[in-house]
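Beneath this line is the structure, given in structure tokens, with notes to follow.
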Amino acid sequence: MELPADNGVLRIEGDISTDEQIRMKDSELRARPGDAFAGPYGEIPKRLKEYYDSLNEEAIPERFLELLEKLDRAEQAAQRADMPSESR
Amino acid sequence: MESVQPAKEWDFKRAMLECLPGLRAFAVSLSKRHDRADDLVQDTIMKAWAKKTSFEPGTNMKAWLFTILRNEFYSQARKSGREIQDSDGFFTEQLSNHANQHGVLDLQDFKTALEQLPTDQREAIILVGASGFAYEEAAEICGCAVGTIKSRVNRARTRLAALLQITGDDDFGPDANSIAVTARTFARS
């Protein structure tokens with residue numbers, strides 16, 4: 001078998017890009033199972049996190065908060081109308 | 001006394017609020033555009049609210065919301081005929097703006113590279129590498145096998161490394177030309 005079986009990838013018929021795997025250097029395939037970002041890819045998780053954090057830190061648009069409030073109020077109003085004095 | 005809110009209702013709204021920044025970040029990553037992402041988040045909020053009785057308290061609300069948003073994204077894309085890139089026949093374009101000569105990647109370079117990934121690979125690497133989901137959770141969100149997620153993450157990082165010209169520990173890493181040539185070769189074959 002030319003491809004190591006312990007590269008953390010389960011073989012799924014038709015999904016693995018073998019072209020790509022063959023092109024990959026052996027050392028790149030020998031990441032520990034479950035460690036998708038070992039070795040030469042060390043830079044990627046850092047950048048990925050930076051990218052994602054920058055999005056995460058953006059302020060949530062006001063309209064989402066308003067929408068949630070509106071949904072909540074509408075539901076409470078509906079509940080009061082449907083069941084005036086029952087708890088359920 | 002004003003109506004006493006059942007604790008469950010309050011928790012649901014609050015739990016949703018807490019998930020919004022991450023949900024929105026995922027939406028931007030998927031759709032690549034803030035305006036579309038915000039529409040997606042809005043639709044997701046309404047969908048989630050409408051079916052909140054189907055949410056089991058104590059389970060992972062973030063994963064639940066991500067699943068709804070993802071389904072919404074793909075169903076809107078299908079309806080509008082908008083093309084979703086998947087891995088098949090995907091052509092990797094060269095970055096016009098390479099990782100610069102000093103080997104420093106800035107955020108814009110990374111974003112540009114990320115946006116060139118096929119959608120299935122981009123969402124996989126975002127879910128696992130940034131949103132903090134385990135492979136199993138990401139598989140659940142995407143409705144596919146764990147092995148499929150692992151494979152997509154592997155391919156995503158390989159592609160990103162090529163786009164960003166991150167080379168291995170040895171001196172035989174791919175250079176820009178060979179990457180471009182291989183990409184074209186495989187795109188045509």
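Letters A, B, ... are given to chains in the order of the sequence lines, protein chains preceding strands, and every chain is numbered from 1.
Between P61(A) and R24(B), the closest heavy-atom pair is CD-NE, 3.6 Å.
Side-chain contact of S29(B) with Y52(A): a donor-acceptor pair under 3.5 Å is absent, judged by distance alone.
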(message) Run the salt bridge (Lys or Arg N to Asp or Glu O under 4.0 Å) test on K111(B) and E50(A) for me, step by step, so that the C-alpha distance in whole Å, both residues' side-chain angles and the decisive distance to 0.1 Å come before the verdict.
(response) CA-CA 10 Å; K111(B) 184 171 171 284; E50(A) 215 173 76; over 6 Å; no

(request) Carefully, step by step, assess W49(B) and D72(A) under the rule side-chain contact (heavy atoms from CB on, under 4.5 Å). (result) CA-CA 9 Å; W49(B) 194 275; D72(A) 199 31; 3.6 Å; yes

(message) Under the criterion side-chain contact (heavy atoms from CB on, under 4.5 Å), I'd like the reasoning laid out for L114(B) against L48(A): C-alpha separation, chi angles, the key distance, then a yes or no.
(response) CA-CA 9 Å; L114(B) 194 66; L48(A) 196 59; 4.1 Å; yes

(request) List the steps and the verdict of side-chain contact (heavy atoms from CB on, under 4.5 Å) for L20(B) and L68(A). (result) CA-CA 11 Å; L20(B) 285 186; L68(A) 271 173; 4.2 Å; yes

(request) Report the C-alpha distance between H34(B) and L55(A) in whole Å, list the side-chain angles of each, state the deciding distance to 0.1 Å, and finish with yes or no for side-chain contact (heavy atoms from CB on, under 4.5 Å). (result) CA-CA 10 Å; H34(B) 272 76; L55(A) 292 175; 3.9 Å; yes

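Here the side chains of P21(B) and E57(A) are not in contact, with every heavy-atom distance at 4.5 Å or above. Put simply, the side chain of D38(B) reaches to within 4.5 Å of the side chain of F64(A), judged on heavy atoms. Side-chain contact between L107(B) and R47(A) is absent, with no heavy-atom pair separated by less than 4.5 Å. Taking 4.5 Å as the limit, every side-chain heavy atom of L164(B) sits out of range of all side-chain heavy atoms of E43(A).
By the 4.0 Å N-to-carboxylate-O rule, E75(A) lies close enough to K52(B) to be salt-bridged with it. A salt bridge links D39(B) to R63(A): one of the charged nitrogens lies within less than 4.0 Å of a carboxylate oxygen.
Under a cut-off of 6.0 angstrom, the local environment of CD in E140(B) is sparse, with at most 12 non-hydrogen atoms contributed by other residues, nucleotides or ligands.
With a threshold of 4.5 angstrom between heavy atoms, L67(A) approaches chain B through side-chain atoms but not through N, CA, C or O.
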